Undergrad: 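Quick one: the structure is below, questions incoming.
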Amino acid sequence: MADDPFDNMLAQMDRAAEYADVDEGVFERLKHPERTLKVTLPVELESGEVEVFEGYRCQYDGARGPFKGGVRYHPTVTQEEVEALAGWMTWKAALVDLPYGGAKGGVICEPKDLTERDLERLTRRYTEGIRRMIGPEIDVPAPDMNTNPQTMAWMMDTYSMYEGYSVPQVVTGKPLEIGGTPGRVEATGRGVSIVTERLFEYLDRELTDATVAIQGFGNVGSNAAQLLDEMGATVVATSDVTGAAYDPDGLDVAALADHVGAGGLIEEYTAGDTRSEPERSPEDDAELVTNETLLTLDVDVLVPAAIEGVITADNVDDLRAGAIVEAANGPTTVAADEVLSGRDVPVVPDILANAGGVIVSYLEWVQNAQEFSWPLETVNAELERRIGSAFDDTIERYDVGDVPDLRTAAYTLALERTASAHEYRGLFP
Ligand SMILES: NC(=O)C1=CN([C@@H]2O[C@H](COP(=O)(O)OP(=O)(O)OC[C@H]3O[C@@H](n4cnc5c(N)ncnc54)[C@H](O)[C@@H]3O)[C@@H](O)[C@H]2O)C=CC1
Ligand SMILES: O=C(O)CCC(=O)C(=O)O
């Protein structure tokens, strides 16, 4: 990872500050997380060994409503990363106008070294650790990297055990059977595909002529790939931690999704590797390239959909993509942003591009509160309306002509909305 993600988030705020109509004192307040809880999580693993994990939950800013944000399981989680992610959640919720503040959680662990039983125990320990901090009207966790509907089911169950009754509204991204909403699993990728389509309309370019490279083929990357493929774009490359599959004629995205869905790795899918011949579509002649090469491919759209800090001062001069749509949180450093902005490469910022997940989480939370469920068509239509409206707001702010790029336009709106909530509520108790 290039720069410290928290410093990067602060630098993004600073870049927007000169254009945002925000009181200086309130702006200073917004540069600090409200609180971060660090928890120690002893877990007896299935192997019989006891391992002590460390986890965090950061509530960054709650002026606009209950805290909201995912939980990440990853070996590189740090307190600063969780705080940056919680800050980005705050600006995201404000930009897409949800009645939420921003939060994020993380546990330092390598999920692929843990059994399903270990993951359940770890999740229950973590939920117990942060349960004093969360609640349907207080702070509502959701999935992020390496967590999924099953993780949310364990969290909901653990929280409910302590309350003595079922509390589905305490987390979102749950399985349908226990109060999840149709459409949440695909929501972030769907949002990415919608904003990409809207960007192309704005730029007066045809998405059906476009080539796309997507770094990361997890929940977000794989759904974005499949939806962009359905919209007629040509997905030429995608990756996981083992490397990237690249085919200039276009990947067979559905076959790749089947391969990865069955637990396969990207490196096993590419030409020259016979381990996955039965799963690989005979037409797919993908070669294995590195993640670094994927980022520098000559494509119309680059979609970073893995981790933060991958587009930096070190590689930005090699980037050839015509546009960037940030599905991951924090993939671009401010130093790289300045170069891209100078080159007029449009970058749809994370707080807009990946907001589909939290939008549909909000719709799940509302359905839980109503004790009512909506059909998929209603959820998808509401997602499209809300993310489309945030896209329009961002473009309208950008078209005023003073801000250098779309990220600064989006931050200007998010900071003004959050600051305004602080001003109405007052800074002091
Ligand atoms: N899941 C969600 O609803 C949302 C996720 N995001 C963001 O999207 C990004 C991806 O999240 P998910 O798809 O949920 O995670 P995931 O765990 O389902 O998938 C992550 C993907 O990235 C790959 N990856 C991990 N480290 C990598 C590295 N160093 N280099 C290249 N590839 C690497 C993994 O192999 C996997 O293909 C994260 O930045 C997350 O914060 C943002 C909004 C919502
Ligand atoms: O669905 C949510 O509440 C949050 C998703 C998330 O963690 C994110 O947008 O980064």
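Everything numeric here is computed off the predicted structure, so don't read it as measured data. Each ligand, and each atom within it, is numbered from 1 in the order the structure gives.
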Undergrad: Does any N or O of ligand 1 fall below 3.5 Å from an N or O anywhere on N354, backbone included?
TA: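 Not met; the criterion fails.
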
Undergrad: Pick whichever of I307, V220, L265, D240 has a heavy atom sitting closest to atom 12 (P) of ligand 1.
TA: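 The nearest heavy atom belongs to V220.
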
Undergrad: Have a look at ligand 2 and work out which part of L85, if any, has a heavy atom under 4.0 Å from it: side chain, backbone, both or neither.
TA: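 None of L85 does.
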
Undergrad: With heavy atoms under 4.0 Å as the rule, classify the contact between V358 and ligand 2 as side chain, backbone, both or neither.
TA: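 The answer is both, backbone and side chain.
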
Undergrad: Check A187 against ligand 1 and report side chain, backbone, both or neither, counting heavy atoms closer than 4.0 Å.
TA: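 Answer for A187: neither.
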
Undergrad: Would you mind checking which non-hydrogen protein atom is closest to atom 1 (O) of ligand 2, with the distance to 0.1 Å?
TA: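 Answer, as residue, atom name and distance: S361 OG, 2.6 Å.
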
Undergrad: Report the member of A305, A328, G218 with the shortest heavy-atom distance to atom 10 (C) of ligand 1.
TA: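 Closest candidate by heavy-atom distance is A305.
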
Undergrad: Using a 4.0 Å cutoff against the non-hydrogen atoms of G357, which atoms of ligand 2 qualify?
TA: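 Selected atoms, number and element: 1 (O).
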
Undergrad: Are any of the N/O atoms in M89 less than 3.5 Å from those in ligand 2?
TA: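 There is no such contact.
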
Undergrad: Please report whether the ring centroid of F67 lies less than 6.0 Å from that of Y100.
TA: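 No, ring centres 6.0 Å or more apart.
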
Undergrad: Side chain, backbone, both or neither: which applies to E364 and ligand 2 if a contact is any heavy-atom pair less than 4.0 Å apart?
TA: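 The answer is neither; E364 stays 4.0 Å or more away.
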
Undergrad: What is the nearest protein non-hydrogen atom to atom 5 (C) of ligand 2, stated with its residue, atom name and distance?
TA: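 Here the nearest protein heavy atom works out to R184 NH2, 3.8 Å.
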
Undergrad: Who pairs with R125 by salt bridge (Lys or Arg N to Asp or Glu O under 4.0 Å), at least two apart in sequence or on another chain?
TA: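 Scan of R125 (salt bridge (Lys or Arg N to Asp or Glu O under 4.0 Å), adjacent residues dropped) gives none.
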
Undergrad: Ignoring angles and geometry beyond distance, decide whether G357 reaches within less than 3.5 Å of ligand 1 through its nitrogen or oxygen atoms.
TA: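 No; the residue has no nitrogen or oxygen that sits under 3.5 Å from a nitrogen or oxygen of the ligand.
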
Undergrad: Return the residue, atom name and 0.1 Å-rounded distance of the protein heavy atom closest to atom 7 (O) of ligand 2.
TA: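 It is K104 NZ, 2.7 Å.
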
Undergrad: Do V241 and ligand 1 have an N or O pair less than 3.5 Å apart?
TA: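 Checking ligand 1 against V241, an N or O pair does fall under 3.5 Å apart.
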
Undergrad: Could you tell me whether H74 and ligand 1 have an N or O pair separated by under 3.5 Å?
TA: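 It does not: no N or O of H74 is found under 3.5 Å from an N or O of ligand 1.
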
Undergrad: Do any heavy atoms of R72 fall under 4.0 Å from ligand 2?
TA: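 It does not; every heavy atom stays at 4.0 Å or beyond.
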
Undergrad: Just jot down the ligand 2 atoms closer than 4.0 angstrom to any heavy atom of N329, in number order.
TA: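 Atoms satisfying the 4.0 Å criterion: 10 (O).
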
Undergrad: What are the two closest heavy atoms between I311 and L340, and how far apart are they?
TA: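 The pair with the smallest heavy-atom distance is CG2-CD1, 4.3 Å.
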
Undergrad: Short list, please: which atoms of ligand 2 are under 4.0 Å from a heavy atom of K68?
TA: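 Atoms satisfying the 4.0 Å criterion: 2 (C), 3 (O).
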
Undergrad: Heavy-atom pairs closer than 4.0 Å: do any link ligand 1 to the side chain of R72, the backbone, both, or neither?
TA: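 R72 to ligand 1: side-chain contact only, backbone stays beyond 4.0 Å.
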
Undergrad: Does any N or O of ligand 1 fall below 3.5 Å from an N or O anywhere on D144, backbone included?
TA: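 Indeed, backbone or side chain, D144 has an N or O that close.
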
Undergrad: Give a yes/no on ligand 1: does R184 have at least one heavy atom closer than 4.0 angstrom to it?
TA: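 Heavy atoms of R184 do come under 4.0 Å of ligand 1.
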
Undergrad: What's the shortest distance from atom 9 (O) of ligand 2 to any protein heavy atom, and which residue and atom give it?
TA: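 Result: K92 NZ, 2.6 Å.
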
Undergrad: So if I count the atoms of ligand 2 from 1 in the order they appear, which ones are less than 4.0 Å from some heavy atom of G70?
TA: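 Ligand 2 atoms under the 4.0 Å threshold to G70: 4 (C), 6 (C), 7 (O).
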
